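Proteins come first, then strands; the chains are lettered A, B, ... in the order of their sequence lines, and each starts at number 1. All figures in this text were calculated on a predicted structure; none of them were measured in a lab.
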Protein chains: 2
Amino acid sequence: MPTIYQVAERAGVSLSTVSRVLNGKASVNKVLKERVENAVIELNYRPNSVARSLANSRTDSIGVLVPELNAPFFGDLMQAVESTLRAADKHVIITVGRNCLETEKDAVEFLISRNCDALIMHAEALSDEYLLDINQSKLPVALVNRQIEGLPEACINLDNEKGGYLATRHLLELGHKDIAYLSGPLEKRDACMRLKGHKRALSEAGLPINSQLIFNGDYTEEDGKVGLLELMARDVPFTALVCANDWMASGAISCARDLGMSLPHDLSIVGFDDVVFAHHVFPRLTTVSNPIADMAEMSAKYILNKVYGQSNKVQLCFEPTLVVRESAVKHEG
Amino acid sequence: MPTIYQVAERAGVSLSTVSRVLNGKASVNKVLKERVENAVIELNYRPNSVARSLANSRTDSIGVLVPELNAPFFGDLMQAVESTLRAADKHVIITVGRNCLETEKDAVEFLISRNCDALIMHAEALSDEYLLDINQSKLPVALVNRQIEGLPEACINLDNEKGGYLATRHLLELGHKDIAYLSGPLEKRDACMRLKGHKRALSEAGLPINSQLIFNGDYTEEDGKVGLLELMARDVPFTALVCANDWMASGAISCARDLGMSLPHDLSIVGFDDVVFAHHVFPRLTTVSNPIADMAEMSAKYILNKVYGQSNKVQLCFEPTLVVRESAVKHEG
DNA sequence: CTGTTAGCGCATTCAT
DNA sequence: ATGAATGCGCTAACAG
């Protein structure tokens with residue numbers, strides 16, 4: 001591995017000159033510049049990124065925290081972040097939070113100890129306070145799917161309320177009047193807003209909100225099953241079901257089928273997020289798109305602005321749209 | 001950010017002593033050791049990993065190359081690698097190859113420029129030669145799902161032949177005699193071996209191998225559809241279909257349904273890999289499990305041995321097993 | 001525009 | 001067992 005010294009020697013200049021042409025900041029005599037460039041090629045010189053980091057206290061690496069690596073939703077997120085950042089020659093250190101406070105904290109400490117220049121997080125368990133602390137400790141933070149008071153410019157969010165509204169309105173337009181709802185955990189803002197949108201759609205249609213038709217689950221496939229069972233046990237009839245995410249919708253669908261129902265005719269179902277497998281389930285899932293890839297890309301651009309002096313336009317709030325497939329049909333009756 | 005100097009000063013010792021207690025290699029006087037430890041706590045000292053890397057030319061980071069980030073299969077791989085490595089306090093830099101030679105090369109160069117201590121790759125397009133070069137250039141490499149002559153100890157593989165065999169034998173046991181096969185690209189070893197296993201099962205059962213019943217696809221969902229259509233156009237009847245992976249199976253399933261077939265009765269289908277969505281498709285997919293997470297974990301352990309002096313047991317070849325669900329049923333006739 | 005010099009924070013000789 | 005000195009490879013003042 002040749003060092004910058006060898007390049008300098010071969011080019012007959014000082015190492016500062018080499019550094020200058022390498023970084024292209026200061027201007028350098030054309031002739032010398034060419035000599036340096038040749039030397040670089042001849043020696044196949046590669047700057048040592050570690051030494052560079054030590055000298056300018058920037059690692060060109062961004063820490064990423066996601067709840068899981070093997071979920072389509074977060075896969076889309078990582079994909080977008082990675083490609084955006086790598087295009088800017090930054091790299092991504094990915095850690096997993098497992099939806100657990102301790103693990104998330106651990107992961108963040110880990111990223112900090114790696115001297116990341118910034119953090120992009122989909123944090124589930126960490127407190128607002130903790131996240132604020134990090135940010136104020138000079139380590140810029142971008143938050144996806146999270147809203148924090150003290151950090152307005154760094155929070156990239158979906159308009160979840162609108163998404164919930166769209167899902168339910170679609171069913172209303174199909175003629176359904178008795179619409180059940182499988183909610184996510186209400187301590188999470190997104191789950192809360194989605195439910196709120198659902199209720200607004202109901203209200204606008206002049207329909208009452210029956211708490212017997214709402215089940216509070218945990219965004220899991222399992223809770224999709226449990227929730228559907230529970231709702232049916234309550235004996236309040238419904239012809240359609242909105243699920244707060246596609247996992248719950250998938251659980252509800254297989255549960256319904258196990259119960260001998262014929263989908264979509266016996267029950268119309270709408271999901272939320274439009275994850276990859278949404279079109280693998282049968283009937284193909286009508287759902288609300290979540291532009292997570294766009295949001296993730298935006299979080300990366302925000303960091304590129306904030307830390308590396310780029311000036312991309314940033315957009316903080318994203319709009320969901322309805323994706324109509326086959327799991328929700330007209331109410332016959 | 002306190003440095004090792006401040007710790008030394010506060011503890012009233014030299015920085016070498018601090019370094020010693022931090023790294024625990026050399027022995028240190030008990031009293032001094034305690035003073036140092038206190039100073040570390042009081043100052044909340046965190047060693048600077050960049051400086052450490054520069055001094056001992058190890059970054060404690062492992063580069064990972066996968067074709068995509070948003071696919072369940074590679075999600076499982078990354079998940080296993082990340083957790084194994086992080087438990088050893090190493091970190092993972094993930095890059096994407098997109099199944100494209102140029103991108104893969106680019107990604108690897110990137111990882112090299114980041115001074116990774118080792119590379120774990122699921123490389124699709126890179127040549128054996130190139131991979132060997134890297135390994136011999138002192139940068140240890142572990143290869144998942146790939147077999148290279150010159151690198152026998154670093155290749156973690158599935159017994160794909162056995163997997164193909166299991167899939168077809170299952171159908172034979174269900175009474176099928178006319179079994180079609182949707183293959184992956186035969187220039188890839190795994191696709192080749194899976195097909196080989198299929199043929200062996202056929203031969204063992206005394207059945208002929210009819211090339212009209214084999215379609216060469218590209219592992220994509222789209223090719224699952226195209227393949228099924230093509231096979232049916234050939235007008236050689238078959239009652240069962242083995243697909244070289246779950247994506248093709250999924251494509252074939254929706255295609256079959258679009259054709260008005262009733263599954264699984266009109267056609268039994270077996271997949272391969274058992275990716276997450278395998279139980280989301282309908283009928284739930286009978287498939288061959290691919291213990292990719294175990295393999296990935298093993299690749300990480302291999303690296304931990306090779307680079308960081310651990311001594312985990314390593315296993316190079318993994319066995320697939322049949323996962324029976326509902327997409328393949330008894331042949332009636 | 002160019003070269004000299006001094007760190008960046010730590011590990012590691014080498015003496016003691 | 002401990003401390004002083006040196007270097008890892010590079011960037012960034014600082015002079016000239």
Side-chain angles (χ1 to χ4, degrees), chain A residues 1-37 39-40 43-61 89 112-117 138-139 307-309, chain B residues 1-37 39-40 43-61 89 112-117 138-139 307-309:
Chain A
M1 276 286 130
T3 76
I4 198 171
Y5 284 94
Q6 341 238 31
V7 177
E9 186 175 344
R10 196 157 193 358
V13 298
S14 79
L15 85 172
S16 355
T17 303
V18 177
S19 178
R20 283 186 189 106
V21 345
L22 254 38
N23 295 313
K25 299 277 175 186
S27 54
V28 178
N29 180 300
K30 216 175 176 183
V31 183
L32 294 189
K33 182 171 175 177
E34 222 163 84
R35 294 221 309 260
V36 170
E37 287 166 344
V40 165
L43 294 170
N44 188 28
Y45 167 77
R46 302 298 216 158
N48 180 321
S49 61
V50 174
R52 176 176 285 180
S53 292
L54 184 59
N56 66 10
S57 60
R58 265 182 28 183
T59 57
D60 290 330
S61 68
D89 229 54
I112 294 176
S113 83
R114 290 320 201 184
N115 298 63
C116 291
D117 293 340
K138 107 217 161 193
L139 178 59
V307 182
Y308 305 106
Chain B
M1 276 288 129
T3 76
I4 199 171
Y5 284 95
Q6 341 238 28
V7 177
E9 187 176 343
R10 198 159 193 355
V13 298
S14 79
L15 84 171
S16 347
T17 303
V18 177
S19 179
R20 285 186 188 105
V21 345
L22 254 37
N23 294 315
K25 300 277 177 188
S27 56
V28 179
N29 180 299
K30 217 174 174 185
V31 183
L32 293 189
K33 183 172 175 178
E34 222 162 86
R35 292 220 312 257
V36 170
E37 287 167 344
V40 166
L43 294 170
N44 188 28
Y45 168 76
R46 302 298 217 159
N48 181 321
S49 61
V50 175
R52 176 175 286 179
S53 292
L54 184 58
N56 65 11
S57 59
R58 265 183 27 185
T59 57
D60 290 329
S61 69
D89 230 54
I112 294 176
S113 83
R114 289 320 201 188
N115 298 62
C116 291
D117 293 339
K138 103 211 164 197
L139 179 59
V307 182
Y308 304 107

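Atom P of nucleotide D:dC8 and atom CG of A:Asn56 are separated by 19 Å, given to the nearest angstrom. Taking atom CD on A:Gln6 and atom P on D:dG9, their separation rounds to 9 Å, with Å as the unit. A straight line from CG of A:Leu15 to P of C:dT4 spans 9 Å, rounded to a whole angstrom. At whole-Å resolution of the value, CZ in B:Arg58 and P in D:dC8 are 19 Å apart. In this structure, A:Arg52 places its CZ atom 19 Å from C1' of C:dG9, rounding to the nearest Å. Atoms CG (B:Asn48) and P (C:dC8) sit 11 Å apart, rounded to a whole Å. Rounded to whole angstrom, the span from the CG atom of A:Leu43 across to the P atom of D:dG9 amounts to 14 Å. Atoms CD (A:Glu9) and C1' (C:dG3) sit 15 Å apart, rounded to a whole Å.
At distances below 3.5 Å, not a single donor-acceptor pair connects side-chain atoms of B:Ser19 with backbone N or O atoms of B:Leu15. Using a distance-only test at 3.5 Å, with no hydrogens or angles considered, a donor-acceptor pair links the side chain of B:Thr59 to the main chain of B:Asn115.
Listed pair B:Thr3 / C:dG9 fails the phosphate criterion, with no side-chain N or O lying under 4.0 Å from OP1 or OP2.
Between A:Val28 and A:Leu32, the closest heavy-atom pair is CG1-CB, 4.3 Å. Here the closest heavy-atom approach between residue B:Ile4 and residue B:Val18 is recorded as CG1-CG1, 3.4 Å. When all heavy atoms are compared, the tightest approach of B:Asp60 to B:Asp89 is CB-O, 4.3 Å.
Listed candidates were D:dC10, C:dG9, D:dA4. Nearest to the side chain of B:Ala51 is C:dG9. With distances taken from any side-chain atom of A:Ala55 to the nucleotides C:dG3, C:dA11, D:dG9, the minimum falls on D:dG9.
Few gaps surround CD on A:Gln6; more than 12 heavy atoms of other groups in view lie less than 6.0 Å from it.
Judged by distance alone with a 3.5 Å cut-off, no donor-acceptor contact links the side chain of B:Tyr5 to the base of C:dC8.
A heavy-atom distance below 4.0 Å to DNA chain C is reached by these residues of residues 16-30 of chain B, ordered by number: B:Ser16, B:Ser19, B:Arg20, B:Asn23.
Taken to the nearest 0.5 Å, the CE atom of A:Met1 stands 9.0 Å off from the CG atom of A:Asn48.
Among the heavy atoms of the strands, none lies under 4.0 Å from B:Val50.
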